[in-house]
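First up is the structure itself, then whatever we jot down about it.
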Amino acid sequence: MIIATWNVNSIKVRLHAVLQYLSEESPDVLVLQETKSIDDNFPLEAFTDIGYHVIFCGQKTYNGVAIISVLPAEDIHYNPVKTNENEMRSISAVYAGIRIVNLYVVNGQNVDTPKYDYKIKWLKKLLAYSKKELSLNQNMLLLGDFNIAPTDDDVFDADVTKDEILCSDKERDMLSKLLALGFHDLFYDYDFPSQTFTWWDYRGGAFQRNIGYRIDLLLASDQVRSRCTNYFIDKKTRHKSWCVNEPRTSDHVPVRVLLD
DNA sequence: ATGGCACTAAAATAGTGA
């Protein structure tokens, strides 16, 4: 079973790329973030026409999440990590017995802003939801754009990013608390070189210079972890020449795991 | 280094991203 996550930065613009990714990697479950589409405009038929099931919850302009799958979704939770602002940042369902939770964590903009406090508040809601769901189903996978670089090893230059957004102690503490509930970052079970990232700024040739962050994560319960046999970061999708019909790329690349 | 670049809504530019 192949499970993948990808922040696509607009499902409308990235449709060709997502279809090509499905064709090349055949994921059983592909979770998407930043679809930036209201539900009425989601390109549902593009996926159902080729045999996939899709669930999604979106909003105008910002955020939005979706799950594309071979098997139909069971026990769907639409936007379960709720906030006052009703942003569409989460969607979850059960596939082959595994509760898959697709997350687009709040960015936070800057540590000195109200958005940062809101990010911490949102992460507290994620902790509560994750704790409850893990108690109900020990086969669980949290994955998506966490907007947190877990350690200094997950950034291009720890001196530059010290105490900055994505790297602050408070954000990392919240991620540690989440892991302490019984989740494991699957990245660590494989031997990736240092300076392995999943996001690079569009600007300044950041991708070519590998000025990036590792912020797209797959956090598995022990039971799911024990089934994981491989882990891939699909950097090819970041090259303009990869998608035949569309040179525009997401600033994130997909991350994919193989489960027995 | 307060710029880069990309996307959306809207119909010029402003907000957001990380």
Side-chain angles (χ1 to χ4, degrees), chain A residues 5-18 32-43 56-66 83 85-90 103-120 122-123 126 143-172 174-175 195-217 233 235 237-243 245-255:
Chain A
T5 175
W6 195 4
N7 179 323
V8 288
N9 187 14
S10 168
I11 187 59
K12 186 181 165 193
V13 175
R14 226 64 66 198
L15 183 57
H16 285 297
V18 173
L32 306 176
Q33 304 88 37
E34 283 205 90
T35 53
K36 296 186 173 178
S37 173
I38 59 171
D39 292 348
D40 284 347
N41 293 343
F42 192 95
F56 46 85
C57 57
Q59 63 182 94
K60 205 195 264 193
T61 314
Y62 305 118
N63 310 315
V65 282
T83 65
E85 301 172 35
N86 205 28
E87 297 169 347
M88 297 300 185
R89 295 183 175 276
S90 60
L103 299 166
Y104 176 50
V105 175
V106 174
N107 172 311
Q109 199 167 53
N110 191 293
V111 292
D112 300 324
T113 65
K115 288 180 182 175
Y116 179 77
D117 299 326
Y118 174 64
K119 179 177 193 173
I120 302 302
W122 193 92
L123 287 166
L126 173 60
L143 76 171
D145 178 357
F146 280 74
N147 270 324
I148 301 172
T151 74
D152 282 351
D153 293 334
D154 301 305
V155 298
F156 64 97
D157 186 333
D159 293 329
V160 171
T161 62
K162 183 175 165 54
D163 298 328
E164 295 290 335
I165 196 70
L166 315 185
C167 304
S168 72
D169 289 343
K170 225 193 262 183
E171 290 165 89
R172 287 176 172 171
M174 291 304 289
L175 182 60
Q195 303 281 296
T196 293
F197 305 129
T198 66
W199 177 85
W200 304 259
D201 201 304
Y202 284 119
R203 299 166 293 187
F207 180 63
Q208 286 71 23
R209 296 159 60 204
N210 202 31
I211 308 292
Y213 295 70
R214 188 176 73 87
I215 53 177
D216 298 275
L217 313 177
I233 298 173
K235 280 181 74 174
T237 65
R238 192 62 157 79
H239 292 95
K240 291 185 194 307
S241 58
W242 171 70
C243 185
N245 297 314
E246 179 52 73
R248 291 174 292 178
T249 72
S250 174
D251 42 358
H252 296 251
V253 296
V255 186

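Between the C1' atom of dT2(B) and the CD atom of Glu164(A) lies a distance of 13 Å, rounded to the nearest Å. Whole-Å rounding puts the Leu175(A) CG to dA18(B) P distance at 16 Å. Spacing between atom CG of Asn7(A) and atom P of dA6(B) amounts to 16 Å, rounded to whole angstrom units. Here dG17(B) presents its P atom at 8 Å from CD of Glu87(A), a figure rounded to the nearest Å. Between the CH2 atom of Trp200(A) and the C1' atom of dG4(B) there is a distance of 18 Å, rounded to whole Å. Rounded to whole Å, the distance from CG on Asp251(A) to P on dC7(B) is 9 Å.
With hydrogens and angles left out, the side-chain atoms of Asn110(A) and Lys115(A) include no donor and acceptor closer than 3.5 Å. For the residue pair Thr161(A)/Glu164(A), the side-chain donor-acceptor check at 3.5 Å is not satisfied. Side-chain contact check for Asn9(A) and Glu34(A): no donor-acceptor pair (N or O, by modelled atom type) lies under 3.5 Å.
Taking atom P on both dG4(B) and dA9(B), the two are 24 Å apart, rounded to the nearest angstrom. Separating the P atom of dT8(B) from that of dA18(B) is a span of 14 Å, rounded to the nearest Å. One P atom belongs to dT16(B), the other to dA1(B), and the distance between them is 25 Å to the nearest Å. One P atom belongs to dA10(B), the other to dA6(B), and the distance between them is 23 Å to the nearest Å.
Among all heavy-atom pairs drawn from Ala17(A) and Trp242(A), the shortest one is O-CH2, 3.4 Å. A pairwise comparison of heavy atoms in Asp216(A) and His252(A) identifies OD2-ND1, 2.8 Å as the closest pair.
A sub-4.0 Å separation between OP1 or OP2 of dA18(B) and a side-chain N or O of Asn107(A) is present.
Among the atoms of the strands shown, none is found under 4.0 Å from any heavy atom of Asp201(A). Backbone-only engagement by Glu34(A) is indicated by non-hydrogen atom pairs under 4.0 Å involving sugar-phosphate atoms exclusively. Here Asn110(A) lies out of heavy-atom contact (under 4.0 Å) with every strand. Counting non-hydrogen atoms under 4.0 angstrom, Tyr104(A) reaches the backbone sugars and phosphates but no base. Among the protein residues, Lys115(A) comes within range of the sugar-phosphate backbone only, with heavy atoms under 4.0 Å from sugar or phosphate atoms but none that close to a base. Contacts of Leu166(A) with the nucleic acid, taken as non-hydrogen atoms under 4.0 Å apart, involve only primed sugar atoms and P, OP1 or OP2.
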